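First comes the structure, then the notes that go with it.
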Amino acid sequence: MRLVLLGPPGAGKGTLASFLNKELGIPHVSTGDILREEMKNNTSLGQEVKQYVESGGLVPDEVVIKLIENKFSSDCAIDKGYMLDGFPRTEVQAKDLDALLNDLQKPVDQVIYLDASLPVVIKRLTGRRICRNCGAIFHMKNNPPKEEGICNECGGEVYQRPDDNEETIQTRMDVYLDNTKPVIEYYEDQGKLKKVDADRDSQEVQESLMKIFNGDR
Ligand code: ADP
Ligand code: ZN
């Protein structure tokens, strides 16, 4: 299955991707994760993108498009399909992606739009905590780690992303509304968009999605 996951920050793309990866074995490609890894390793790319990511702005299109090109031309795991999370985020990225995927003869099958409202995403993102080691996602209120600061899955350190503060979340939402909304229309016009109510908890979202995949809707 070849999927794009769309939706505002905090809509639950990462949580859903990790579920689909476990359930269906689809490889997960997250530009946010790739960029954070580069920043952690302090590579020249990491240094170049840091200011954008930490302020909640977008990394320039050319930079992320190059990342995806490299990933897709080097990684044969994507022969089993892919699940793009956090990309495309602008119309330019969406068009370049289509060109690339047509060349590779691996066009997008479906685009899942996780539709979540602003008050819900603010609550989720301000409480969000992440395992530095395995990427498991927690929430201080709804789903705290059993032992404070320690990941249930792997024992790694649980931390708060520096861009998960209220001010930066607002910037990310504004950026989303200005740049990513057009991407939703772009896929809607192609007849590929499947909209899911993402204000509900993740288990319900997962059930709706499995129904979509089974063709029940
Ligand atoms: P979220 O969806 O929670 O906002 P991500 O982990 O997807 O976060 O992305 C974090 C940051 O990485 C973004 O705010 C942005 O700075 C950068 N980024 C990720 N993907 C892209 C992209 N496709 N284009 C431009 N910038 C990106
Ligand atoms: Zn972990």
Side-chain angles (χ1 to χ4, degrees), residues 4-18 28-40 45-72 83-97 100 112-114 116 118 120-139 143-183 186 198:
V4 168
L5 305 179
L6 281 185
K13 300 185 292 289
T15 305
L16 185 66
S18 109
H28 176 204
V29 181
S30 156
T31 41
D33 287 349
I34 298 174
L35 294 170
R36 279 186 290 278
E37 186 66 24
E38 296 283 339
M39 285 162 40
K40 191 172 100 188
L45 177 68
Q47 291 172 8
E48 185 186 341
V49 301
K50 195 173 159 73
Q51 47 159 328
Y52 301 105
V53 174
E54 290 191 344
S55 67
L58 287 183
V59 172
D61 285 333
E62 319 80 79
V63 176
V64 274
I65 289 164
K66 194 87 213 139
L67 275 182
I68 291 290
E69 272 175 14
N70 291 343
K71 179 88 187 158
F72 274 31
M83 191 163 40
L84 282 169
D85 158 10
F87 185 92
R89 248 183 170 81
T90 65
E91 206 170 341
V92 171
Q93 293 179 14
K95 288 182 177 158
D96 283 3
L97 177 67
L100 171 71
I112 309 300
Y113 171 35
L114 295 176
L118 186 58
V120 171
V121 304
I122 288 182
K123 267 191 224 127
R124 284 184 189 159
L125 292 176
T126 47
R128 177 160 80 173
R129 299 291 185 277
I130 297 170
C131 172
R132 227 182 254 287
N133 179 46
C134 75
I137 304 170
F138 301 93
H139 190 282
N143 173 33
K146 288 194 191 98
E147 211 177 317
E148 203 188 316
I150 296 173
C151 174
N152 297 348
E153 311 281 325
C154 76
E157 182 204 351
V158 170
Y159 84 117
Q160 181 172 32
R161 260 170 56 177
D163 58 343
D164 278 348
N165 65 74
E166 211 148 333
E167 190 191 337
T168 311
I169 292 168
Q170 188 60 54
T171 309
R172 281 154 62 203
M173 280 311 290
D174 293 344
V175 167
Y176 167 77
L177 292 173
D178 289 345
N179 298 280
T180 312
K181 274 276 160 123
V183 178
Y186 177 83

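No hydrogens, no waters, no symmetry mates; every other heavy atom, side chains included, goes into these values. Indexing begins at 1, ligand by ligand and atom by atom, following the structure's order. Since the structure is predicted, the reported quantities are computational estimates derived from the model, not experimental observations.
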Quiz prompt | Flag, side chain of R129 to backbone of V158, donor-acceptor distance under 3.5 Å | solution = no

Would you say K95's side chain and T90's backbone share a donor-acceptor pair under 3.5 angstrom? no

The residue among L6, V59, L58 that forms side-chain contact (heavy atoms from CB on, under 4.5 Å) with R89 is L58

Point to revise | The single option from E54, Q47, E48 passing side-chain contact (heavy atoms from CB on, under 4.5 Å) against M39 | key: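 Answer after filtering E54, Q47, E48: E54.
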
Do any nitrogen or oxygen atoms of [X] lie less than 3.5 angstrom from nitrogen or oxygen atoms of ligand 1?
{"X": "D85", "answer": "no"}
{"X": "L125", "answer": "no"}
{"X": "L58", "answer": "no"}
{"X": "Q93", "answer": "yes"}

Shortest non-hydrogen separation from [X] to [Y] and the atoms involved:
{"X": "C151", "Y": "C131", "value": "CB-SG, 3.6 Å"}
{"X": "P88", "Y": "L97", "value": "CD-CD2, 3.8 Å"}
{"X": "L177", "Y": "P182", "value": "O-CD, 4.4 Å"}

Side chain or backbone of [X] under 4.0 Å from ligand 1, or both, or neither, by non-hydrogen atoms?
{"X": "R128", "answer": "side chain"}
{"X": "V64", "answer": "side chain"}
{"X": "R161", "answer": "side chain"}

What residue and heavy atom of the protein are closest to [atom], and at what distance?
{"atom": "atom 20 (N) of ligand 1", "value": "T31 OG1, 2.8 Å"}
{"atom": "atom 5 (P) of ligand 1", "value": "R89 NH2, 3.6 Å"}
{"atom": "atom 11 (C) of ligand 1", "value": "V53 CG1, 4.0 Å"}
{"atom": "atom 25 (C) of ligand 1", "value": "V59 O, 3.2 Å"}

Handout entry: Pairs flagged by salt bridge (charged side-chain N to carboxylate O under 4.0 Å, His left out) wherever residues 57-66 is involved - sequence neighbours left out
Key =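 Salt bridge (charged side-chain N to carboxylate O under 4.0 Å, His left out) check on residues 57-66 returns K66-E69.
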
Separation between CG of D85 and NZ of K13, rounded to the nearest 0.5 Å:
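That separation rounds to 6.0 Å.
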
Interatomic distance, CG@L84 vs CD1@I112, rounded to 0.5 Å, equals 12.5 Å

My understanding is that we take every heavy atom of each candidate and find the minimum distance to [atom]. Doing that for [options], which one comes out nearest?
{"atom": "atom 4 (O) of ligand 1", "options": "Q51, K13, R172", "answer": "R172"}
{"atom": "atom 15 (C) of ligand 1", "options": "G32, G57, G56", "answer": "G57"}
{"atom": "atom 18 (N) of ligand 1", "options": "D61, D33, I68, L35", "answer": "L35"}

Given side-chain contact (heavy atoms from CB on, under 4.5 Å), test I68 with D96 step by step and report yes or no. CA-CA 10 Å; I68 291 290; D96 283 3; over 6 Å; no

Tell me which donor-acceptor pairs under 3.5 Å the side chains of residues 29-37 have, and how far apart each pair is, sequence neighbours excluded?
| from | atom 1 | to | atom 2 | distance (Å) |
| --- | --- | --- | --- | --- |
| S30 | OG | G32 | N | 3.4 |
| S30 | OG | D33 | N | 2.9 |
| T31 | OG1 | G86 | O | 3.0 |
| D33 | OD1 | R36 | NH2 | 2.9 |
| E37 | OE2 | N41 | ND2 | 3.4 |

Contacts satisfying side chain to side chain donor-acceptor pair (under 3.5 Å) that involve residues 153-165 (not counting sequence neighbours) are R128-D164, R132-E157, R161-D163, D164-R172, N165-T168

Shell check on the Zn ion (ligand 2): protein N, O or S atoms less than 2.8 Å away are C131 SG, C134 SG, C151 SG, C154 SG

